Amino acid sequence: SQIGAVIGPGGKVIQEIQASTGTIINIEEVGDKGIVNIASANKDGIEAAVKRIQSITHVPEVGNVYEAIVRTIMPYGVFVDFMGNKSGLLHVSEISHARIDNVEEVFKEGDTVKVQVVEIDQRTGKMRMSRKSLLPKPERKKNENGEYEDGHGEDGPPERERSAFRDDRGGGDRGRRDDRGPRRDDRGPRRDGGGGGGRSGGGDRGPRR
């Protein structure tokens, strides 16, 4: 399926590869595959041609790690190029385990960064990358009693609980807000006793009118 990409319009791509690497390249179809044969008296030329062709035909998969180059910096992350003609988004949340407020303080265009593919949109082919997944996790802190401050054991919070765990840390004590619910319900009967309950029991107002 990628023979055309290797050959290029009018053979432009394959001719350029042969000229720059000093090789002779032939491509033939065998069944459902394209077989590339590269010949040269120079081993370095062959290796250079192989690398060029692999950069064209390589299909990234989730979990692959690449050396990438930062091409565009945005407030929400950076777009990186890798394997010559592939690109992906390194979102600000995937740059580091620590919070990043200003992406431009971490990267500048042209920087080299090692990234891992964490998601590929099957419909569009767009890729989401991560640098954070390749960095060691920060050490979890213990309190004076030797217990982890996040309340979990040696293995940390289970993966399925981590999003909720982050929400609790960022959103304050939601338990206190939930506790106020019953107290509001308790006040209802006291209002009824004072003659103000008609507001919540509309059926009683008819006879009084």
Side-chain angles (χ1 to χ4, degrees), residues 1-139 159:
S1 63
Q2 301 196 45
I3 288 177
V6 176
I7 296 175
K12 181 178 179 180
V13 174
I14 195 170
Q15 290 173 11
E16 191 277 327
I17 295 174
Q18 291 180 117
S20 63
T21 60
T23 58
I24 298 174
I25 303 174
N26 293 307
I27 302 176
E28 59 179 333
E29 291 186 50
V30 178
D32 61 349
K33 295 183 179 181
I35 306 299
V36 181
N37 293 289
I38 305 172
S40 175
N42 187 322
K43 180 181 178 182
D44 291 340
I46 292 177
E47 292 176 349
V50 168
K51 186 175 181 180
R52 288 284 302 278
I53 292 172
Q54 286 179 338
S55 71
I56 297 171
T57 61
H58 176 74
V59 178
E61 297 180 354
V62 172
N64 288 166
V65 177
Y66 302 98
E67 289 285 344
I69 298 175
V70 175
R71 290 303 185 196
T72 308
I73 299 177
M74 304 296 287
Y76 51 83
V78 298
F79 288 95
V80 298
D81 290 350
F82 59 98
M83 292 295 292
N85 63 346
K86 309 293 189 301
S87 64
L89 171 64
L90 175 59
H91 192 267
V92 63
S93 64
E94 292 294 337
I95 292 176
S96 171
H97 291 288
R99 178 183 175 86
I100 303 296
D101 293 318
N102 187 350
V103 178
E104 292 183 340
E105 293 181 354
V106 182
F107 292 116
K108 64 180 182 296
E109 292 183 2
D111 281 351
T112 300
V113 56
K114 182 174 287 187
V115 293
Q116 183 175 38
V117 181
V118 294
E119 183 181 348
I120 300 176
D121 188 312
Q122 297 303 317
R123 182 175 60 86
T124 64
K126 293 181 179 179
M127 289 175 277
R128 291 183 66 251
M129 322 299 288
S130 177
R131 173 176 175 261
K132 179 173 68 175
S133 64
L134 302 175
L135 300 175
K137 293 182 179 180
E139 183 178 355
E159 185 64 35

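One-based numbering along the sequence shown. None of the values given here were measured: they were computed from a predicted structure.
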Q: Would you tabulate the side-chain donor-acceptor contacts of residues 115-123 under 3.5 Å, counting partners in other chains and residues two or more places apart, or write 'none'?
A:
| unit_1 | atom_1 | unit_2 | atom_2 | d |
| --- | --- | --- | --- | --- |
| Gln116 | OE1 | Ser133 | OG | 2.7 |
| Gln116 | NE2 | Gly63 | O | 3.1 |
| Glu119 | OE1 | Arg128 | NH1 | 3.2 |
| Asp121 | OD1 | Arg123 | N | 2.8 |
| Asp121 | OD1 | Thr124 | N | 3.1 |
| Gln122 | NE2 | Ile120 | O | 3.4 |

Q: I need the Ile100 CD1 to Lys132 NZ distance, nearest 0.5 Å.
A: 10.5 Å
Q: For Ser96 and Arg131, which heavy atoms make the closest approach, and how far apart are they?
A: CB-NH1, 4.3 Å
Q: Quick one: pull up CD1 in Ile14 and CZ in Arg52 and give me the separation to the nearest 0.5 Å.
A: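 Separation between the atoms: 11.0 Å.
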Q: Give the minimum heavy-atom separation between Tyr66 and Glu61, together with the two atoms involved.
A: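 Residues Tyr66 and Glu61, closest heavy atoms: OH-N, 4.2 Å.
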Q: Just by distance, do the side chain of Thr21 and the backbone of Ala48 share a donor-acceptor pair under 3.5 Å?
A: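 Between the backbone of Ala48 and the side chain of Thr21 there is no qualifying donor-acceptor contact (under 3.5 Å).
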Q: Which pair of non-hydrogen atoms, one from Asn42 and one from Ser40, has the smallest distance, and what is that distance?
A: N-OG, 3.0 Å
Q: Quick one: side chains of residues 69-82, donor-acceptor pairs under 3.5 Å with protein atoms, not counting sequence neighbours, listed by atom name and distance.
A:
| unit_1 | atom_1 | unit_2 | atom_2 | d |
| --- | --- | --- | --- | --- |
| Arg71 | NE | Asp81 | OD2 | 3.1 |

Q: Short question: side chain of Lys114, backbone of Val65 - any donor-acceptor pair under 3.5 Å?
A: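 No.
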Q: Hey, what do you get for CD1 (Ile7) to CD1 (Ile17), rounding to the nearest 0.5 Å?
A: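 The CD1 atom of Ile17 is 10.5 Å from CD1 of Ile7, to the nearest 0.5 Å.
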Q: Could you walk me through whether Met129 and Glu94 satisfy the side-chain contact (heavy atoms from CB on, under 4.5 Å) test, starting with their C-alpha distance in whole Å, then the side-chain angles of each, then the deciding distance to 0.1 Å, before giving a yes or no?
A: CA-CA 7 Å; Met129 322 299 288; Glu94 292 294 337; over 6 Å; no
Q: Quick one: closest heavy-atom pair of Val13 and Gly8, and the distance?
A: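 Here Val13 and Gly8 meet closest at CG2-CA, 3.6 Å.
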Q: Hey, is the main chain of Ser55 close enough, under 3.5 Å, to the side chain of Lys86 for a donor-acceptor pair?
A: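 Yes; at least one donor-acceptor contact below 3.5 Å.
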Q: Applying side chain to side chain donor-acceptor pair (under 3.5 Å), can you list everything that pairs with Arg99, at least two apart in sequence or on another chain?
A: Asp101
Q: Drop me the distance from Glu47's CD to Gln54's CD, to the nearest 0.5 angstrom.
A: 10.5 Å
Q: Would the number of heavy atoms belonging to other residues, nucleotides or ligands and lying under 6.0 Å from CD of Gln2 be above 12?
A: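 Check passes, neighbour count above 12.
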Q: With side-chain contact (heavy atoms from CB on, under 4.5 Å) as the criterion, how do Leu89 and Lys126 come out once you've worked through the C-alpha distance, each side chain's angles and the decisive distance to 0.1 Å?
A: CA-CA 8 Å; Leu89 171 64; Lys126 293 181 179 179; over 6 Å; no
Q: Could you report the tightest heavy-atom contact between Val106 and Asp111, atom names first, then the distance?
A: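 It is O-OD2, 4.3 Å.
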Q: Answer yes or no: does atom CD1 of Ile35 have more than 12 heavy-atom neighbours from other residues, nucleotides or ligands under 6.0 Å?
A: yes
Q: Distance-only, no hydrogens or angles: does the Thr23 side chain make a donor-acceptor pair with backbone N or O of Ile25 under 3.5 Å?
A: no
